[in-house]
Amino acid sequence: MASPYNPVEIEKKWQERWAADRLYEVSEDSPKPKYYALTMFPYTSGDLHIGHWYAMAPSDVQARFKRMQGYNVLHPMGFDAFGLPAENAAIKHGIHPYKWTMDNVENMRRQLKTTGAVYDWRREVITCLPDYYKWTQWLFLKLYHVGLAYRANAPVNWCPKCQTALANEQVAGEGVCDRCETPVIKKDLEQWFFRITRYAEELLDMSHIDWPEKIKLMQTNWIGRSTGADIDFPMEKPTAGQKAIRIFTTRPDTTFGVTFMVLAPEHALVPYLTTPEQKAEVEAYIAKARRATEVERTTAEREKTGVFTGSYCINPVNGAKVPVFIADYVLPTYGYGAIMAVPAHDTRDFAFAKKFNLPIPVVISPLDWDGQPLAGAYTEEGVMVNSGPFNGMPSLECLKKIPAWLEEKGWGKYAVTYRLRDWLVSRQRYWGAPIPIVYCEKCGTVPVPEKDLPVLLPPDAEFKPTGESPLKYHNAFVNTRCPQCGGAARRETDTMDTHMCSAWYYLRYTSPKYDKGPFDPKAGKYWLPVDLYTGGAEHAVMHLLYARFFARALRDLGLLDFSEPFKKLFNQGTIIYQKAKMSKSKGNVVNPDDYVNTMGADTIRTYLMFVGPWEQGGEWMDNGIIGMNRWLHRVWNLIEEPYAEKAVSPEAEKELLHRTHQTIKKVSGDIERFRFNTMLACLMEFTNHLADVREAGSVAQASWKNAISTLLKLLAPTAPHLTEELWQRFGGPYSIHNQPWPSWDEGLAREEEITLVVQVNGKVRDRISVPATVTEDAATGLAMASDRIKPYLNNRKPKKVIYVPGKLVNIVV
RNA sequence: GCCGAGGUGGCGGAACGGCAGACGCGGCGGACUUAAAAUCCGCUUCCGGCGACGGAGUGUGGGUUCAAAUCCCUCCCUCGGCACCA
């Protein structure tokens, strides 16, 4: 009698055996081609939930599939361990962030091991440990030395709850903190930035990477390239050592229609342009704008507000005197924080002009029926009017002509602007990699020398959010010696954005113990870049953009010889439970451990891959997983119970062979395309057929063995423990995971007998079985001769007969 | 508002110009059992019919085609991203 399927027991057994045999350890000295399959590492938030499994299990299937296909596969795992949640938990529960994080690491590592994935744990990377963040700091200094890291005083996004500055990418939705959803405010701070904008143009080129169009589009929009012109509008009374106000416009064709200028309230020239009479009003407006959160500034959006500075500019193209306003609808951080307003051809300027009773002259006109400019109508594009030498020209043409003309005259030039801003990396919090900089009264800003790295995070800081880094109050940390002159100096007390840690972690996996640099160049040369990167789409603009920027920066530093870190990207969807995203606060989280201890990891893995297409996500249903457990039991019994020949027939032999090859083909293609749900449906159909064959005993013992051997190999990436156990019981050589992936024979996979659908006027009226090699004449002949078709023909000659080989015959009467 | 993805049985989904509903869940019926669970077998889109069968049907309305869930246009809804970017 066959023994029952006991997943809990066999999973534990094989996990121990694989570890003992170092089955999944990989090195660079393999004759096989390399394949680097990377899954986004988890944040050390506490427990592994089913969402993590949803990310990890299918990517492990991919990695295992590639292994069986003969690749040397690196599929590493680690932890994104610095960041606010650890610190918040520390404040809330009085546990040190280090302890909280490392306890979580231990728990999550244990849980990750229960998935049965092929991770080579010798390569684990934990970003909060000194032997990792030493290199994060080292990379910071590299960027600093080439001017890619700089310090500047700027208005930054500030979360009043988290008490820290945030990068633009971390401001979510309508101006709220990515982490805690508190409305973000603007604050002037001296901060460290990475000059990602230097790579804006290059980052737009995604033609050489195999990424989802959606993600490429999101990055493109985030970078936000606009073309137009820079134009200098001379001030009526030059001030602050400047002769003109510079603006950027995407519509240089409308320059003759400018009736006023608007500066952002934060614009540097505002105090100089403001006349004494206007001073009180302007200052009140600025104060109000500063207090406003981004949310208030954007939701109060409909009504335009602003104040006249009292000053004027001259429009260089026509000498018109135009008043200068300040208004918060002009953003300080885009272009030059100043615009030329053309109310006739811009809805925002129009609204402002209406409110302040400013003239609205039309400079681009649609054409009437006689091809003449239609007076007084507003339009986006048309023919130029009231535009001096350009009158009568198509406006689209002037989009290029006017910038050239401006340049000739010395008033402006063709220009490109990006929405992307430099990446703010300073955080006024404790739990992050310290920025390796020292401030000396004599020498100024001094980088910490490489030999002094890492700048260790002191374990005994008071990590209470005060709006300043807790390190600032840690005297032993702050007070140091200047590396240059040896005099007294102070350390930078801000820490780095955790995205800095994750921007390069994939490099460290190639040689995690290497101590002469962030990674061993030899190992890097072998493994890099990443062949397949999988993870959630929530990282579309933050992490993925930062990582692409980093790779380019390191390339220019001579550390890497490629620009794109991730050749192929795949984003899985979200797994939901009870119709909602899983969240601890809602209490709708599925704990995988409960299932690991009952149905086993193989069932969880298989079920998660079955709920729907991976990129679309899916719904966890408590009784859905029962079906999958049932199926694995059926597979077990199918193979465990001895097979007996009863009535062997050549037809059944042929059919089984055909089905086997068809299944290999379908399963291989589906894994390649990440369609795990249909892969499993196909394997289920195959097992259903095998159950029929077993019942009938209709094939020879050897054919049966061949079929189940194939089934096991096809299922091995998905259910690694179950298949290993059955493979061993069945007498296969250890390990099934070292077996080559089955190949298929096109001829055997192809159908010999096909069902042709016979339609009359597009409606299915019959189905006929014909050999796959049937000719058109034979097929249509058979169709017309069918008893079920004849009545519809009514002895008439069909108007038309459409024949689609292998599919159907459609008779039009 | 703009950009993107999606809307198919009681449910998750399959098919992505050519048999709509593969596969699974649930439901119904049956076998086994003293009984239940488990397991196995059959049925299961809706309407009409005892039945063979006929009709309708893939968010809405239109179009292209011999043929549309699939392609094109209109509108509605859900989810994701961006949002005064000049």
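Sequence lines set the chain letters: A, B, ... in the order given, protein chains first and strands last, and positions in each chain run from 1.
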query = Counting side-chain heavy atoms from CB outward, which of B:C53, B:C84, B:A14 is closest to A:Asp328?
reply = B:C84

query = Quick one: is B:C23 close enough that its OP1 or OP2 comes under 4.0 Å of any side-chain N or O from A:Thr678?
reply = no

task = Applying side-chain hydrogen bond (donor to acceptor under 3.5 Å, both in side chains), name anything that partners A:Trp631, two or more places apart in sequence or on another chain.
result = A:Thr687

Test salt bridge (charged side-chain N to carboxylate O under 4.0 Å, His left out) applied to A:Lys807 - qualifying residues, sequence neighbours left out = none

Test ring pair (Phe, Tyr, Trp, His ring centres under 6.0 Å) applied to A:His658 - qualifying residues, sequence neighbours left out = none

query = Any side-chain N or O of A:Asn221 less than 4.0 Å from the OP1 or OP2 oxygen of B:G81?
reply = no

Those residues that, when tested against A:His267, pass side-chain hydrogen bond (donor to acceptor under 3.5 Å, both in side chains) (two or more places apart) = none

remark   = Residue pair A:Gly627/A:Gly335 against RNA chain B: nearer the 5' end by closest nucleotide is A:Gly627

inquiry  = Between C1' on B:C82 and CZ on A:Arg225, what's the gap in Å once rounded to a whole number?
reply    = 20 Å

note = Taken in chain and number order and not counting sequence neighbours, the residues that satisfy side-chain contact (heavy atoms from CB on, under 4.5 Å) with A:Asp766 are A:Val758, A:Ile768, A:Ser786, A:Arg788, A:Ile789

key: Sugar-phosphate only, base, or nothing, as touched by A:Tyr577 at under 4.0 Å among non-hydrogen atoms   = nothing

ask   = Which part of the nucleic acid, if any, lies within reach of A:Lys763 when heavy atoms closer than 4.0 Å are counted: base, sugar-phosphate only, or nothing?
value = sugar-phosphate

Protein-nucleotides 63-72 of chain B N/O pairs closer than 3.5 Å?
{"unit_1": "B:C66", "atom_1": "O2'", "unit_2": "A:Asn810", "atom_2": "ND2", "d": "3.4"}
{"unit_1": "B:C66", "atom_1": "O2", "unit_2": "A:Asn810", "atom_2": "ND2", "d": "2.4"}

task = Using heavy atoms and a sub-4.0 Å distance, could you list which residues of residues 613-626 of chain A are near RNA chain B? By number, please.
result = A:Pro613, A:Glu619, A:Met621, A:Asn623

inquiry  = If you only use heavy atoms from C-beta on, which nucleotide in B:C3, B:C23, B:A86 is closest to the side chain of A:Val330?
reply    = B:A86

query = With sequence neighbours left out, what residues match A:Phe308 under side-chain contact (heavy atoms from CB on, under 4.5 Å)?
reply = A:Gln278, A:Tyr312, A:Pro323, A:Phe325

message = According to side-chain contact (heavy atoms from CB on, under 4.5 Å), who are the partners of A:Glu776, at least two apart in sequence or on a separate chain?
response = A:Thr780, A:Tyr803

inquiry  = Give the dot-bracket line for RNA chain B from 5' end to 3' end: parentheses for intra-strand Watson-Crick or G-U pairs under 3.5 Å, square brackets for crossings, | for inter-strand pairing, dots for unpaired.
reply    = (((((((..(((.....[....)))((((((.......))))))((((....))))..(.(((..]....))).))))))))....

request  = Ignoring backbone atoms, test whether A:Tyr5 places a side-chain nitrogen or oxygen under 4.0 Å from the OP1 or OP2 oxygen of B:U39.
outcome  = no

side-chain contact (heavy atoms from CB on, under 4.5 Å) involving A:Thr755 - partner list, sequence neighbours excluded = A:Arg767

ask   = Under the side-chain hydrogen bond (donor to acceptor under 3.5 Å, both in side chains) test, which residues partner A:Trp211, sequence neighbours left out?
value = none

Polar contact flag, side-chain donor to acceptor under 3.5 angstrom, A:Asn629-A:Tyr5 = no

ask   = Can you check whether A:Arg630 has a side-chain N or O nearer than 4.0 Å to OP1 or OP2 of B:C40?
value = no

ask   = CZ of A:Arg419 versus P of B:C2: gap in Å, rounded?
value = 18 Å

inquiry  = Can you confirm whether the side chains of A:Tyr792 and A:Arg765 place a donor and an acceptor under 3.5 Å from each other?
reply    = yes

message = Suppose we call a contact any N or O donor and acceptor under 3.5 Å apart; does that hold for the side chain of A:Lys807 and the base of B:C19?
response = no

key: OP1 or OP2 of B:G24 under 4.0 Å from side-chain N/O of A:Asn688   = yes

key: Separation between the P atoms of B:A68 and B:A56, rounded to whole Å   = 13 Å

